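Count residues from 1 along the sequence. Just so it is clear, the structure is predicted and the values come from calculations on it, not from any experiment. Counting starts at 1 for both ligands and their atoms, following the listed order.
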Amino acid sequence: MGLFRLVTGLPGPSGFGSASTAEQVTDGIDASRLTVIITGGASGIGAETARVFALRGAHVIIAARNMSAANDVQQHILRCTPTAKVDVLKLDLSSLKSVRAFADQFLSLDLPLNILINNAGVMFCPYQLSEDGIEMQFATNHLGHFFLTNLLLDKMKTTASKTGIEGRIVNLSSIAHLNTYEGGIWFDNLNHKEVYSDKKAYGQSKLANILHANELSRRLKEDGANITVNSVHPGLIMTNLMRHSFLLMRVLKLFTYIFWKNVPQGAATTCYVALHPSLEGVTGKYFLDCNEENPSNLARDETLAEKLWDFSEKLVASTK
Ligand SMILES: NC(=O)c1ccc[n+]([C@@H]2O[C@H](COP(=O)([O-])OP(=O)(O)OC[C@H]3O[C@@H](n4cnc5c(N)ncnc54)[C@H](OP(=O)(O)O)[C@@H]3O)[C@@H](O)[C@H]2O)c1
């Protein structure tokens with residue numbers, strides 16, 4: 001059914017589908033009371049998400065490592081929506097020091113924080129360690145976002161309880177979470193160059209995005225916090241993400257073009273999950289094409305999610 005809907009663009013139970021755009025799924029939504037941080041908002045899906053949030057009136061913070069690209073996106077948004085509230089702050093997710101500096105800078109602004117979109121990502125990089133000595137795809141896609149979310153959580157909780165508006169966290173995962181190492185997360189071999197697979201390391205990091213969302217959702221429910229956490233697969237979209245596999249993806253697209261989306265369609269699921277009123281109270285779920293779907297068995301493994309949480313906490317602590 002998922003594949004049929006993907007190809008035909010037919011809407012699912014939510015009323016939206018693979019052909020829906022971010023503007024369509026947020027039509028009529030007033031986001032003017034909301035402040036949102038979008039990581040990796042300087043290109044691709046993140047930039048379109050930022051534009052549409054600004055169009056709906058939200059105060060958008062673009063968190064980016066490439067400041068010049070982020071400033072260009074800011075200018076583009078202001079040209080599209082002259083009244084937009086959009087700021088740019090520096091963030092390199094592959095560096096825990098940079099993540100802390102970003103959080104300190106954001107918190108010093110004393111703004112509310114309603115929505116966090118953990119969108120930034122890298123894909124299929126050749127083997128590389130981050131400045132903290134952690135495999136790059138895991139460090140950027142999962143660990144940086146894990147640490148960032150924890151640093152911003154108190155602010156989100158305070159905002160939600162002061163305003164009475166539900167906070168929302170959205171993790172950008174991928175269908176690629178299905179293609180990971182045996183057992184899902186290779187806790188013991190995370191940094192081993194000899195067994196490194198660029199594809200499986202990406203899948204592992206995207207599985208980690210779902211497990212992180214699920215475990216955080218469970219913890220927030222336990223706390224009684226008015227914040228939901230969900231993960232999404234945005235679809236297949238030709239963006240800068242393909243920089244390490246440009247030729248492969250171009251060839252793949254030739255044969256699979258019916259499965260691909262454009263960027264406005266690619267940003268739709270994120271915007272739907274982050275803004276749509278019909279998802280109030282919905283947490284710990286996985287969405288694609290703006291509809292809830294089941295991720296892999298590993299992604300639904302609660303013990304694995306808890307193990308990843310403890311592992312990530314220890315990794316962060318070990319780099320201090
Ligand atoms: N496109 C797809 O088909 C697809 C499919 C499934 C899932 N996704 C997910 O969707 C998300 C957005 O991807 P996209 O397709 O929009 O790709 P994109 O255009 O390359 O956007 C990714 C953004 O993340 C930023 N980023 C990368 N490393 C970073 C770091 N260390 N610190 C801060 N920012 C960093 C990039 O900045 P730079 O420009 O500086 O690198 C870029 O702005 C990713 O999480 C990806 O895994 C995409």
Peer 1: Is there a side chain to side chain contact (heavy atoms under 4.5 Å, CB included) between N118 and L148? Walk through the geometry before answering.
Peer 2: CA-CA 9 Å; N118 288 324; L148 176 70; 4.0 Å; yes
Peer 1: Yes or no: does H233 have any heavy atom under 4.0 Å from an atom of ligand 1?
Peer 2: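 For ligand 1, residue contact (heavy atoms, under 4.0 Å) with H233 is present.
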Peer 1: Using a strict cut-off of 4.0 Å, indicate which atoms of ligand 1 neighbour a heavy atom of N240.
Peer 2: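 In order of numbering, the contacting atoms are 19 (O), 20 (O).
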Peer 1: M242: heavy atom below 4.0 Å from ligand 1, yes or no?
Peer 2: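 The answer is yes: ligand 1 sits under 4.0 Å from a heavy atom of M242.
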Peer 1: Got the closest protein heavy atom to atom 42 (C) of ligand 1, with its distance?
Peer 2: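 That would be S43 OG, 3.2 Å.
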Peer 1: Would you mind telling me if ligand 1 is within reach of the side chain of I45, the backbone, both or neither, using heavy atoms under 4.0 Å?
Peer 2: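 Both of them.
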Peer 1: Do we see a donor-acceptor contact under 3.5 Å between the side chains of H276 and T26?
Peer 2: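 No, no side-chain donor-acceptor contact under 3.5 Å.
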Peer 1: In the protein, what heavy atom is nearest to atom 5 (C) of ligand 1, and what distance, to one decimal place, separates them?
Peer 2: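 For this ligand atom, the closest protein heavy atom is G235 O, 3.0 Å.
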Peer 1: What part of R243 sits under 4.0 Å from ligand 1 if we count only heavy atoms: the side chain, the backbone, both or neither?
Peer 2: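 Under 4.0 Å from ligand 1, R243 contributes side-chain atoms alone.
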Peer 1: Can you name the closest pair of heavy atoms from S18 and K261 and give their distance?
Peer 2: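 Taking every non-hydrogen atom into account, O-CE, 3.6 Å.
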Peer 1: Where is the nearest protein heavy atom to atom 14 (P) of ligand 1: which residue, which atom, and how far?
Peer 2: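 That would be T239 OG1, 3.4 Å.
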Peer 1: What's the shortest distance from atom 48 (C) of ligand 1 to any protein heavy atom, and which residue and atom give it?
Peer 2: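 Answer for atom 48 (C) of ligand 1: L241 CD2, 3.4 Å.
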Peer 1: Out of S174, S173, G121, G266, indicate the one that has the non-hydrogen atom closest to atom 9 (C) of ligand 1.
Peer 2: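 Comparing heavy atoms across S174, S173, G121, G266, the nearest one to atom 9 (C) of ligand 1 lies in S173.
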Peer 1: Under the salt bridge (Lys or Arg N to Asp or Glu O under 4.0 Å) rule, what do D110 and K155 come out as? Steps first, then yes or no, please.
Peer 2: CA-CA 9 Å; D110 206 20; K155 170 59 82 177; 3.8 Å; yes
Peer 1: Enumerate the atoms of ligand 1 whose separation from the nearest heavy atom of L91 is less than 4.0 angstrom.
Peer 2: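 So the answer, numbered in order with elements, is 32 (N), 33 (C).
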Peer 1: Between the side chains of N171 and H212, does any donor sit under 3.5 Å from an acceptor?
Peer 2: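 Yes.
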Peer 1: Examine the side chains of S14 and N291 and answer whether a donor and an acceptor come within less than 3.5 Å of each other.
Peer 2: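 Yes.
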Peer 1: Which atoms of ligand 1 are found less than 4.0 Å from any heavy atom of G44?
Peer 2: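 Here the atoms of ligand 1 in question are 16 (O), 19 (O).
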Peer 1: Quick check: closest heavy atoms across V86 and Q74, and the distance to 0.1 Å?
Peer 2: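 Distance-wise, the nearest heavy atoms are O-NE2, 2.8 Å.
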Peer 1: Among protein heavy atoms, which lies nearest atom 31 (N) of ligand 1, and at what distance?
Peer 2: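 Heavy-atom neighbour on the protein nearest atom 31 (N) of ligand 1: D92 OD1, 2.8 Å.
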Peer 1: Within 45° of the ring axis of F124 and under 6.0 Å from its six-membered ring centre, is that where the NZ or CZ of K199 lies?
Peer 2: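 That pair qualifies as a cation-pi contact.
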Peer 1: Check step by step if ring-ring contact (aromatic ring centres under 6.0 Å, His included) holds for F53 and H59.
Peer 2: CA-CA 8 Å; F53 263 88; H59 184 176; over 10 Å; no
Peer 1: Quick check on contacts: which atoms of ligand 1 are under 4.0 angstrom from a heavy atom of T140?
Peer 2: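 Here the atoms of ligand 1 in question are 28 (N), 29 (C), 30 (C), 31 (N).
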Peer 1: Suppose we measure from atom 45 (O) of ligand 1 to each protein heavy atom; which comes out shortest, and what is that distance?
Peer 2: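 Looking only at protein heavy atoms, the one closest to atom 45 (O) of ligand 1 is N119 O, 2.7 Å.
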Peer 1: Aromatic rings F102 and F106: how do their planes relate, parallel, tilted or perpendicular, breaks at 30° and 60°?
Peer 2: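 If you compare the ring of F102 with that of F106, the planes turn out parallel.
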Peer 1: Verify whether one side chain among S205 and N141 offers a donor that lies under 3.5 Å from an acceptor in the other.
Peer 2: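 Side-chain D/A pair, S205 to N141: present.
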Peer 1: With atoms numbered from 1 as shown, which atoms in ligand 1 lie under 4.0 angstrom from a non-hydrogen atom of L236?
Peer 2: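 Here the atoms of ligand 1 in question are 3 (O).
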Peer 1: If the cut-off is 4.0 Å to any non-hydrogen atom of G40, which atoms of ligand 1 fall inside it?
Peer 2: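 Taking each heavy atom of G40 in turn, ligand 1 has 23 (C), 24 (O), 25 (C), 43 (O) under 4.0 Å.
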Peer 1: Can you see which heavy atom on P126 is nearest to which on Y196, and at what distance?
Peer 2: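 In this case the closest contact between P126 and Y196 is C-CE2, 4.0 Å.
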Peer 1: Does some non-hydrogen atom of the protein lie less than 4.0 angstrom from atom 12 (C) of ligand 1?
Peer 2: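 Yes.
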Peer 1: Quick one: look up the protein heavy atom nearest atom 40 (O) of ligand 1 and list residue, atom name and how far away it is.
Peer 2: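 Minimum-distance protein heavy atom for atom 40 (O) of ligand 1 reads R65 NE, 2.9 Å.
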Peer 1: Do the side-chain N and O atoms of S94 and T140 include a donor-acceptor pair separated by under 3.5 angstrom?
Peer 2: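 On atom types as modelled, these side chains do not qualify, holding no pair under 3.5 Å.
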Peer 1: Salt bridge check: are D223 and K157 linked by an N-O gap of less than 4.0 Å?
Peer 2: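 The answer is yes: the pair qualifies as a salt bridge.
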Peer 1: Any idea which atoms of ligand 1 are less than 4.0 Å away from a heavy-atom of V122?
Peer 2: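 Per the distance check, 27 (C), 28 (N).
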Peer 1: Could you list the atoms of ligand 1 found under 4.0 angstrom from a heavy atom of N66?
Peer 2: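 In order of number, 40 (O).
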Peer 1: Is the closest heavy atom of Y202 to ligand 1 under 4.0 Å?
Peer 2: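 Yes, that is the case, since the closest heavy atom of the residue is under 4.0 Å from the ligand.
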Peer 1: Identify the two heavy atoms, one from G284 and one from N230, that lie closest to each other, and give their separation to 0.1 Å.
Peer 2: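 Minimum heavy-atom contact is N-OD1, 3.1 Å.
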Peer 1: Are K206 and ligand 1 in contact, using a heavy-atom cut-off of under 4.0 Å?
Peer 2: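 Yes, K206 has a heavy atom closer than 4.0 Å to ligand 1.
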Peer 1: Can P234 be said to touch ligand 1, with heavy atoms closer than 4.0 Å?
Peer 2: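 It does; at least one heavy atom falls under 4.0 Å.
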Peer 1: Quick one: nearest non-hydrogen protein atom to atom 32 (N) of ligand 1, plus distance?
Peer 2: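 Result for atom 32 (N) of ligand 1: L93 N, 2.8 Å.
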